[in-house]
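Working notes, structure below.
Atoms considered below: every heavy atom in the structure, side chains included; atoms not considered: hydrogens, waters and symmetry mates.
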Amino acid sequence: MKIVGLMSGTSYDGVDVVAAEFTADGDTLRMRPLGHRGLDYDDALRESIGALLPPEATTIEAVCRLDNALGEVFAAAAALGVELAGGRADLVVSPGQTVFHWVEGGTTRGTLQLGAPARVAARVGVPVLADLRSADVAAGGQGAPLVPAFDALLLDAAGGPRAALNLGGIANLTVVAPGAPVLGYDVGPANALLDAAARRLLGRPCDLDGARAAAGRVHSGLLEALLAEPYYAAPPPKSTGKELFHAGYLDDRLAALGEPVAPDDVLATLTELTARTVAAACDRHRVTEVVAAGGGVRNPTLLGRLTALGAGRWRLRTTDELGVPAQAKEAYAFALLGWLSWHGLTGAIPSVTGARRAAVLGAWTPAGPPHGATPPAPPRRLVVVA
């Protein structure tokens with residue numbers, strides 16, 4: 001079965017596109033990666049997304065316009081994915097762009113992803129699975145993270161507790177250990193605050209290769225203020241995003257210091273924040289190995305600090321060594337979730353999300369008869385019977 005997976009994360013810089021072929025062999029599922037690409041959002045679309053995200057105010061017109069604009073981009077990405085699959089795919093998983101994750105008192109009340117799946121289905125002519133988080137939220141879960149289902153199948157816990165780390169806008173951790181339920185949660189910001197600072201202080205979308213952070217020094221006062229964030233001390237299950245870790249959040253912490261901080265020092269401090277919070281989580285779970293993926297693995301300054309903090313306790317490597325491209329891991333994970341949903345299998349893990357029960361994820365947008373069934377002849381009239 002060939003599946004196209006799409007992913008646009010909290011950094012909202014573009015869409016990761018993958019194609020994979022899945023073959024079931026008893027209780028083993030074999031995944032053959034068929035290729036991956038990335039489509040960058042243009043400046044106007046990035047601005048539209050940023051203008052709609054909390055704490056900004058918005059209108060339902062802006063939501064509708066962005067939903068359809070994203071749908072066109074996802075449709076183009078899905079078409080590229082079908083090409084990677086050799087010109088034919090069985091389904092597309094298009095989870096959309098998260099624009100709001102509604103959490104109150106540690107409970108997720110709702111979640112909203114935009115991306116007009118009907119436009120994707122119309123473009124590629126195959127069923128599209130979207131809205132993957134809502135079923136878990138309806139079952140009392142956080143709706144995130146969902147990637148642990150992929151991590152739990154990929155990692156072998158027999159050799160001791162291991163962790164899968166994704167360094168996107170938010171740092172997510174999955175922990176697998178012998179005889180224990182799978183654990184997974186959002187640790188805190190990875191690129192979210194770093195990118196916000198780069199835009200604010202450098203006029204750039206990011207600190208390329210962590211070069212400016214490497215040139216700076218950690219500001220102890222700022223780091224102390226950032227580490228005081230209550231979210232870090234909250235027990236899992238928990239999830240977060242730009243609703244908390246946004247540019248205004250950083251502005252408030254900088255203003256509270258009452259003294260200027262050089263841009264390079266801000267970036268160095270934010271890098272240290274991510275490294276410290278991730279390392280603390282890994283130490284808490286006593287993992288022996290951390291397998292990393294996501295855009296943050298391209299930041300040698302961040303990886304260097306993680307390696308140093310884990311020295312003697314856990315080894316850091318990337319998913320590339322396991323055959324999964326680190327830059328496309330989440331898109332491959334969503335392709336897997338599509339395979340599970342297609343076969344009526346659950347994709348969310350209650351021990352991760354806190355749901356009352358495991359849920360089959362997503363909502364289907366058909367592009368013809370469901371699951372390849374032959375349609376009946378179209379009716380010519382309707383008769384009402386008592």
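Once rounded to the nearest 0.5 Å, the distance linking OG1 of Thr59 with CG of Leu52 reads 8.0 Å. Atom CH2 of Trp102 and atom OG1 of Thr111 lie 11.5 Å apart (nearest 0.5 Å). Taking CZ from Arg276 and CG from Leu306, the interatomic distance works out to 12.0 Å, rounded to the nearest 0.5 Å. Rounded to the nearest 0.5 angstrom, Leu270 CG and Asp207 CG are separated by 10.0 Å. In this structure, CD on Glu243 lies 8.0 Å from CG on Leu53, to the nearest 0.5 angstrom. Taken from CG in Asp13 to SG in Cys206, the straight-line distance is 8.5 Å, to the nearest 0.5 Å.
The closest side-chain donor-acceptor pair between Tyr41 and Ser8 falls under 3.5 angstrom.
Partner Leu340 forms a side chain to side chain contact (heavy atoms under 4.5 Å, CB included) with one of Leu345, Val360, Leu129, Leu29 and no other, that one being Leu345.
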Requested in this report: Determine, step by step, whether Arg133 and Thr108 satisfy the side chain to side chain contact (heavy atoms under 4.5 Å, CB included) criterion, reporting the C-alpha distance in whole Å, the side-chain angles of both residues, the deciding distance to 0.1 Å, and the verdict.
Outcome: CA-CA 11 Å; Arg133 304 189 188 278; Thr108 301; over 6 Å; no
Report task. Run the numbers on Leu167 and Leu302 for side chain to side chain contact (heavy atoms under 4.5 Å, CB included), then give the verdict. Result -> CA-CA 10 Å; Leu167 295 168; Leu302 175 57; 4.1 Å; yes
Report task. Verify side chain to side chain contact (heavy atoms under 4.5 Å, CB included) between Leu322 and Arg317, making sure each step is shown before the conclusion. Result -> CA-CA 10 Å; Leu322 302 180; Arg317 60 176 177 153; 3.7 Å; yes
Requested in this report: Just do the side chain to side chain contact (heavy atoms under 4.5 Å, CB included) check on Val291 and Glu289 with the steps written out, would you?
Outcome: CA-CA 7 Å; Val291 184; Glu289 181 178 71; 3.8 Å; yes
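Asp209 approaches Arg298 most closely through the heavy-atom pair OD1-O, 3.5 Å. Considering all non-hydrogen atoms of both residues, Ala326 and Ala292 come closest at CB-O, 4.3 Å. Contact detail for Leu45 and Ala69: the closest heavy-atom pair is CD1-CB, 4.2 Å. A pairwise comparison of heavy atoms in Phe100 and Pro54 identifies CD1-CG, 3.4 Å as the closest pair. Nearest approach of Ala348 to Asp136, heavy atoms of both residues: CB-OD1, 3.4 Å. Across all their heavy atoms, Ala211 and Thr301 have their closest contact at N-OG1, 4.5 Å.
Using a cut-off of 4.0 Å between Lys/Arg side-chain N and Asp/Glu carboxylate O, Lys329 and Asp151 are scored as salt-bridged.
The closest side-chain heavy-atom distance from Thr277 to Glu229 is not below 4.5 Å. With a 4.5 Å cut-off on side-chain heavy atoms, Asp43 and Arg46 count as touching. Taking the side chain as every heavy atom from C-beta outward, Trp342 and Ile3 never approach each other to under 4.5 Å. Considering only heavy atoms from C-beta on, Pro145 comes within 4.5 Å of Asp186 through its side chain. Taking 4.5 Å as the limit, some side-chain heavy atom of Leu34 sits within range of a side-chain heavy atom of Glu21. In this structure, the side chains of Arg253 and Leu222 come closer than 4.5 Å at one or more pairs of heavy atoms. By the 4.5 Å heavy-atom criterion applied to side chains, Leu267 and Leu202 are counted as neighbours. Counting only heavy atoms from C-beta outward, the side chains of Leu336 and Met31 never approach each other to under 4.5 Å.
For the pair Asn191 (side chain) and Leu194 (backbone), a donor-acceptor distance under 3.5 Å is absent. Between the side chain of Asn68 and the main chain of Cys64, a donor-acceptor pair closer than 3.5 Å is present. Judged by distance alone, the side chain of Arg357 and the main-chain N or O of Pro350 form no donor-acceptor pair under 3.5 Å. When atom types are taken as modelled, the side chain of Thr274 and the backbone of Pro189 share a donor-acceptor pair closer than 3.5 angstrom. At least one donor-acceptor pair closer than 3.5 Å links the side chain of Thr269 to the backbone N or O of His219. Between the side chain of Arg217 and the backbone N or O of Ala268, no donor-acceptor pair lies under 3.5 Å. In this structure a side-chain-to-backbone donor-acceptor pair under 3.5 Å is missing from Thr174 to Gly184. In this structure, the side chain of Gln142 engages the main chain of Ser239 through a donor-acceptor pair within 3.5 Å. Between the Lys242 side chain and the Thr10 main chain, a donor and an acceptor come within less than 3.5 Å of each other. Between the Asp265 side chain and the Gly216 main chain, no donor and acceptor come within less than 3.5 Å of each other.
Transitive grouping of hydrophobic side chains (ILVMFWY, heavy atoms separated by less than 4.5 Å) brings Val297 and Val287 into a common cluster. Taken together through direct or relayed side-chain contacts under 4.5 Å among Ile, Leu, Val, Met, Phe, Trp and Tyr, Val124 and Val17 form part of one hydrophobic cluster. A continuous path of Ile, Leu, Val, Met, Phe, Trp and Tyr side chains, each step under 4.5 Å between heavy atoms, connects Val18 with Trp339, placing both in one hydrophobic cluster. Hydrophobic clustering of Ile, Leu, Val, Met, Phe, Trp and Tyr side chains at less than 4.5 Å, counting indirect connections, unites Leu114 with Leu6. At a threshold of 4.5 Å between side-chain heavy atoms, the hydrophobic network of Ile, Leu, Val, Met, Phe, Trp and Tyr places Leu254 and Leu244 in one connected group.
Cation-pi geometry between Arg199 and Tyr12 is met: under 6.0 angstrom from the ring centre, within 45 degrees of the axis.
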Return all side-chain donor-acceptor pairs below 3.5 angstrom for residues 79-95, not counting sequence neighbours, or 'none' if the list is empty.
{"from": "Arg88", "atom 1": "NH1", "to": "Asp90", "atom 2": "OD1", "distance (Å)": "3.0"}
{"from": "Asp90", "atom 1": "OD2", "to": "Lys2", "atom 2": "N", "distance (Å)": "2.8"}

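Aromatic ring pairs are classed by plane angle as parallel below 30°, tilted from 30° to 60° and perpendicular above 60°; the pair Phe245 and Tyr249 is perpendicular.
Here Glu56 pairs with nothing under the salt bridge (Lys or Arg N to Asp or Glu O under 4.0 Å) rule; sequence neighbours left out. Not counting sequence neighbours, the partners of Asp264 by the salt bridge (Lys or Arg N to Asp or Glu O under 4.0 Å) test are Arg212.
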